[in-house]
J.: 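One structure is given below, represented as structure tokens, and several questions about it will come after.
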Amino acid sequence: MLYNMYMLLVANWKMNFTATEALRNLKKFSKLEPTDTEIVIAAPQIALAQMAEAAAAEDCKIQIAAQNFDFHPNGARTGEVGIEQIIGLVDYALIGHSERRVYYNEHDKACAQKVAAALSTKIRPILCVGETALERERKQAELVVRAQVAAGLAGVASNRLGEVIVAYEPVWAISGFGGSKLCDPQDAAKMFEIIRDEVKVMFGAANAKRVKLLYGGSVDSDNVAAYARATKAEGFLVGGASLHLYSFRDILDKIELLR
Ligand code: PGA
């Protein structure tokens, strides 16, 4: 059934692959032939420039994302990569991924600054939100996610909402945190409603519809269809299953069968 024409499938390669391996994998992934799905690879920083150059080739249908950046344009920020350094290289950037929030104390204010910095360029922000296991246990999931959305999008002008993507990833369902739990698709759907409602409260119903929502958290070819049907997500953010062409291709195939 055709439930959603637009699909964005984002591979988050995290801190995997050397630059040589990443480039080799990009070449393999570029053989994928999606019909109505846009494929984005969030590249390891070390390979960003090379991957961007390879992806710019005419026959490559893959877009590149940064996994993170510093919102300061340039200056004394040792070890960081600033927004100006990724302009022209990437089409998208992940912002506030839970691994950055948890391991690097990235807070909502910094996320908002990054969303604004990305939108001031042609880079489309993918704002990641999601509650931890403890927050869910304490019945604070809705409160936390609403606050992350509200803070992250606070500085966005309503005429730019069509460029904004929000990815809901329950932290406890992300494979990299070692948990083996999957979020029930119905629970994910409830959170999608909450996120849509928060955006509606902020920007009004008509504008809110223009924000794209992705789901992430141990997504694979066995569960992607159930998440797609329950949440009506406009795409997926995939970590572990995006590291190999075969598992990523299986997800893509399942998505395209939904149409
Ligand atoms: P996962 O990661 O698919 O390995 O759970 C998703 C993410 O962290 O974006």
J.: State, to 0.1 Å, how close Ala66 and Ile86 come at their nearest heavy-atom pair, and which atoms those are.
T.: CB-CD1, 3.9 Å
J.: So for atom CD, which belongs to Gln140, do other residues, nucleotides or ligands contribute more than 12 heavy atoms lying within a distance under 6.0 Å?
T.: yes
J.: Any chance you could measure Phe69, atom CZ, to Ile87, atom CD1, to the nearest 0.5 Å?
T.: 9.5 Å
J.: Is the backbone N or O of Arg101 less than 3.5 Å from a side-chain atom of Ser98, with the two atoms forming a donor-acceptor pair by type?
T.: no
J.: Taking the six-membered ring for Trp, are Trp13 and Phe29 ring centroids under 6.0 Å apart?
T.: yes
J.: Nearest 0.5 angstrom please: Ile95 CD1 to Ile126 CD1, how far?
T.: 8.5 Å
J.: Are Ile174 and Tyr103 linked, directly or through intermediate hydrophobic residues, by side-chain heavy-atom contacts shorter than 4.5 Å (ILVMFWY only)?
T.: yes
J.: Hydrophobic clusters here meaning ILVMFWY residues chained together by side-chain heavy-atom distances under 4.5 Å, can you tell me if Phe192 and Val144 are in one?
T.: no
J.: With a 4.5 Å cut-off on side-chain heavy atoms, are Val171 and Phe177 touching?
T.: yes
J.: Quick check on the hydrophobic clustering: are Leu245 and Leu9 connected, directly or via other members, by side-chain heavy-atom contacts under 4.5 Å?
T.: yes
J.: Do we see a donor-acceptor contact under 3.5 Å between the side chains of Glu256 and Thr37?
T.: yes
J.: Could you tell me if the side chain of Pro170 sits less than 4.5 Å from the side chain of Glu131, heavy atoms only?
T.: yes
J.: To the closest 0.5 Å, what do you measure between NZ (Lys27) and CE (Met51)?
T.: 11.0 Å
J.: Are Ile41 and Leu23 connected into the same hydrophobic cluster when the rule is that any two of I, L, V, M, F, W, Y join if their side-chain heavy atoms are below 4.5 Å apart?
T.: yes
J.: Decide side-chain hydrogen bond (donor to acceptor under 3.5 Å, both in side chains) for Gln148 and Tyr168; before the verdict, give the C-alpha distance in whole Å, the side-chain angles of both, and the deciding distance to 0.1 Å.
T.: CA-CA 10 Å; Gln148 289 173 340; Tyr168 171 56; over 6 Å; no
J.: I need the minimum non-hydrogen distance between Gln50 and Ala19, along with the two atoms involved.
T.: OE1-CB, 3.4 Å
J.: Can you tell me which residue pairs pass the salt bridge (charged side-chain N to carboxylate O under 4.0 Å, His left out) test with a partner in residues 139-153, sequence neighbours excluded?
T.: Glu142-Arg146, Arg146-Asp197, Arg146-Glu198
J.: Could you check Leu252 against Asp250 for side chain to side chain contact (heavy atoms under 4.5 Å, CB included), going step by step and ending with a plain yes or no?
T.: CA-CA 5 Å; Leu252 176 66; Asp250 286 351; over 6 Å; no
J.: Would you say the side-chain atoms of Lys200 and Asn207 include a donor-acceptor pair closer than 3.5 Å?
T.: no
J.: Answer yes or no: is there a side-chain heavy-atom contact under 4.5 Å between Ile83 and Thr121?
T.: yes
J.: Decide side chain to side chain contact (heavy atoms under 4.5 Å, CB included) for Ile165 and Val211; before the verdict, give the C-alpha distance in whole Å, the side-chain angles of both, and the deciding distance to 0.1 Å.
T.: CA-CA 6 Å; Ile165 296 142; Val211 175; over 6 Å; no
J.: Kindly indicate whether the side chain of Cys111, heavy atoms from C-beta on, has any atom under 4.5 Å from the side chain of Glu106.
T.: yes
J.: Between CG of Asn12 and CD of Gln67, what distance do you get to the nearest 0.5 Å?
T.: 5.0 Å
J.: What are the two closest non-hydrogen atoms of Leu243 and Phe17, and how far apart are they?
T.: O-CZ, 3.5 Å
J.: If every non-hydrogen atom of Leu94 is compared with every non-hydrogen atom of Ala42, which pair is closest and at what distance?
T.: CD1-CB, 4.0 Å
J.: Does NZ or CZ of Arg100 lie under 6.0 Å from the centre of the six-membered ring of Tyr104, at an angle within 45° of the ring axis?
T.: yes
J.: Tell me whether Tyr227 contacts the main-chain N or O of Cys183 through its side chain, where contact means a donor paired with an acceptor under 3.5 Å.
T.: yes
J.: Quick check on side chain to side chain donor-acceptor pair (under 3.5 Å): which of Lys114, His97, Glu99 does Asn68 satisfy it with?
T.: Lys114
J.: Same cluster for Leu32 and Val224 if Ile/Leu/Val/Met/Phe/Trp/Tyr side chains link at under 4.5 Å?
T.: yes
J.: Look at Lys122 together with Asp91 and state whether they make a salt bridge at an N to O cut-off of under 4.0 Å.
T.: no
J.: Taking the side chain as every heavy atom from C-beta outward, state whether Glu38 and Met7 have any pair of such atoms under 4.5 Å apart.
T.: no
J.: What are the two closest heavy atoms between Ser247 and Ala241, and how far apart are they?
T.: OG-O, 2.9 Å
J.: List, one per line, each side-chain donor-acceptor pair under 3.5 Å for residues 152-162, sequence neighbours excluded.
T.:
unit_1, atom_1, unit_2, atom_2, d
Arg160, NE, Glu163, OE1, 3.2
Arg160, NE, Glu163, OE2, 2.8
Arg160, NH1, Leu119, O, 3.1
Arg160, NH2, Leu119, O, 2.6
Arg160, NH2, Glu163, OE1, 2.8

J.: With a 4.5 Å cut-off on side-chain heavy atoms, are Leu213 and Ile195 touching?
T.: yes
J.: Once you round to the nearest 0.5 Å, how far does CH2 of Trp172 lie from OG of Ser218?
T.: 9.5 Å
J.: Any ion pair linking Arg196 and Glu193 (charged N to carboxylate O, less than 4.0 Å)?
T.: yes
J.: For Glu21, does the CD atom have more than 12 heavy-atom neighbours from other residues, nucleotides or ligands under 6.0 Å away?
T.: yes
J.: At what distance, to the nearest 0.5 angstrom, does CZ of Phe71 lie from CD of Glu80?
T.: 10.0 Å
J.: Quick one: are Pro125 and Leu127 in side-chain contact, heavy atoms under 4.5 Å?
T.: no
J.: Under 3.5 Å, is there a donor on one side chain and an acceptor on the other for Glu234 and Tyr215?
T.: no
J.: If you apply the rule side chain to side chain contact (heavy atoms under 4.5 Å, CB included), what do you find for Val238 with Val10, and how did you get there?
T.: CA-CA 6 Å; Val238 185; Val10 185; over 6 Å; no
J.: Report the C-alpha separation of Glu169 and Leu237 in whole Å, then their side-chain angles, then the decisive distance to 0.1 Å, and conclude whether the side chain to side chain contact (heavy atoms under 4.5 Å, CB included) test is met.
T.: CA-CA 8 Å; Glu169 299 196 297; Leu237 179 51; 3.5 Å; yes
J.: Search all heavy atoms of Val219 against all heavy atoms of Asn223 and return the closest pair with its distance.
T.: CA-OD1, 3.4 Å
